[in-house]
Amino acid sequence: MKRVLITGGAGFLGSHLCENFLNKGSEVIAVDNLLTGRLANIEHLLDHPRFKFIKLDVTNYLHVPGKLDLVMHFASPASPADYQRWPIPTLKVGALGTHKALGLAKEKKAVFALASTSEVYGDPQVSPQPESYWGNVNPIGPRGVYDEAKRFAEAMTMAYHRSHGIPVRIVRIFNTYGPRMRQNDGRAVPNFVAQALRGKPITVYGDGSQTRSLTYVTDLVDGIDRLVRSGLNAPVNIGNPRELSLLEIAETVKRLTKSKSRIVFKALPEDDPKVRRPDITLARAKLHWEPKVPLEKGLPLTIADFRKSL
Ligand code: UDP
C-alpha cells in the first residue's frame, strides 16, 4: 500500500484513515468536496511530506497522475440528518462517485475499498445481522437515499470485481463514534455528548428502546486496515457486537459527563431501525479482528474531544 487515495479524506472516518496509512508509511492523497468533511480534521496533516489534499467532487471526475495501490471510497454524508438534508448529493456520491472511484482503481490496477454500511440491512428482521442477510429497506423512505445508494455501490463494486477482475473490499460499517465528529452532526452520540456538556436536554427519539451497537473509531480503522490487506472480495461487517438501547446510551453519556441535563423524549424518525447488531463471525475468523475499546473508554475520549471545541 505505497500510495493510497481516500475519497472523503477530510471526513470523520476519512481523516482517521489518512492518519492510519501515513503512520504505516504510505503516501496518502485525500479527496473531499467538504460538504460534510472539514479541513480542520486534516489541518495537522497538510505539512506532512507524504500527504496531499485535493478539493474535488468525486461525482463529477476523479483522476490523479501516477501509480495507486489502493483506492478507498469513503465520501458520503453519513448522518441521517445530513443525508436527509442532501438527498441528491448522497445518491450521487454513492452511485456516480462509486463508479468514478472504481474506474480509477481499474485504470491504476489498484485494490478498491468501499465504505458500506449496516444500513444495507435497513430495519432488520434478523438479529444479529450476518453478511448473508439481504436486509429490509424501504427504497422510497427518507433513509432510502443513503441505504439504496450504498446497496447500489455494493452491487457496482461486485460487478467491477466480476467483470474486470479488480480486487475489492467492502466494509459494512456499524455505528462508529469518536473524536472529530461534528457537534451538529445530528447522530446520537455527538448529539448526546454536546447536549450533556452544554447542560441542554438530552434528546432520545421514541421511547429509547431501539438498539445500536457502538464501535470506537480506532477499532473500526484497525478492522478496515486488516480488511484491505486481506484477500476478501466480499462484504465484511466491522462493528462492536455489544448492543445497547438508546436510553442506556443516553444515560451512560449523562453519567460520564456528570451532566445535570434532563433526558427528554422526542418523536421517533420515520423508518428508524428498531435493532442493530453486527454478527462478526467472519471478521473474527478471516481478519482475526475484534473490537478492543469498550464504551466506558471510548466515550470519555470522545467527551474530551468535544470539551476542547465547546
Ligand atoms: N437518536 C436519538 N437522539 C438523537 C439522535 C438520534 O435518540 O438526538 C436515535 C435515532 O433515532 C436512532 C439512534 O439514535 O434510533 C441512532 O441514530 P443515529 O442518527 O446516530 O444513526 P442511525 O443508527 O440511525 O443511522
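When reading the values below, keep in mind they use all heavy atoms of this one structure, side chains included, and skip hydrogens, waters and symmetry mates. What you are looking at is a predicted structure, and each value in this text was computed from that prediction instead of being measured. Each ligand, and each atom within it, is numbered from 1 in the order the structure gives.
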Step-by-step side-chain hydrogen bond (donor to acceptor under 3.5 Å, both in side chains) determination, Ser261 to Gln195: CA-CA 8 Å; Ser261 293; Gln195 290 161 344; over 6 Å; no

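- A donor-acceptor distance shorter than 3.5 angstrom exists from the side chain of Arg50 to the backbone of Ser26, with no hydrogens or angles considered.
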Write out each pair where an N or O from ligand 1 and one from the protein are under 3.5 Å apart, with the distance.
from, atom 1, to, atom 2, distance (Å)
ligand 1, 3 (N), Thr203, O, 2.6
ligand 1, 7 (O), Tyr205, N, 2.7
ligand 1, 8 (O), Asn191, ND2, 2.8
ligand 1, 8 (O), Thr203, O, 3.1
ligand 1, 8 (O), Thr203, OG1, 2.9
ligand 1, 8 (O), Tyr205, OH, 3.4
ligand 1, 11 (O), Asp272, OD2, 2.7
ligand 1, 15 (O), Gln210, NE2, 2.9
ligand 1, 15 (O), Arg212, NH2, 3.4
ligand 1, 15 (O), Asp272, OD1, 2.6
ligand 1, 15 (O), Asp272, OD2, 3.4
ligand 1, 20 (O), Ala188, N, 2.8
ligand 1, 23 (O), Asn175, ND2, 2.8
ligand 1, 23 (O), Arg212, NE, 2.6
ligand 1, 23 (O), Arg276, NH1, 2.7
ligand 1, 24 (O), Arg143, NH2, 2.9
ligand 1, 24 (O), Arg212, NH2, 3.3
ligand 1, 25 (O), Arg143, NH2, 3.0

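- Under a hydrophobic-cluster definition in which Ile, Leu, Val, Met, Phe, Trp and Tyr are linked whenever side-chain heavy atoms come within less than 4.5 Å, directly or via other members, Phe12 and Val293 are assigned to the same cluster.
- Checking side-chain atoms of His161 against main-chain N and O of Ile166 turns up a donor-acceptor pair under 3.5 Å.
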Using the side chain to side chain contact (heavy atoms under 4.5 Å, CB included) rule, take Asp222 and Tyr216 through it: C-alpha gap first, then chi angles, then the decisive distance, then the call. CA-CA 10 Å; Asp222 176 40; Tyr216 188 64; over 6 Å; no

Test side-chain hydrogen bond (donor to acceptor under 3.5 Å, both in side chains) on Arg172 and Ser116; report intermediate values, then the result. CA-CA 5 Å; Arg172 289 191 180 151; Ser116 187; 4.6 Å; no

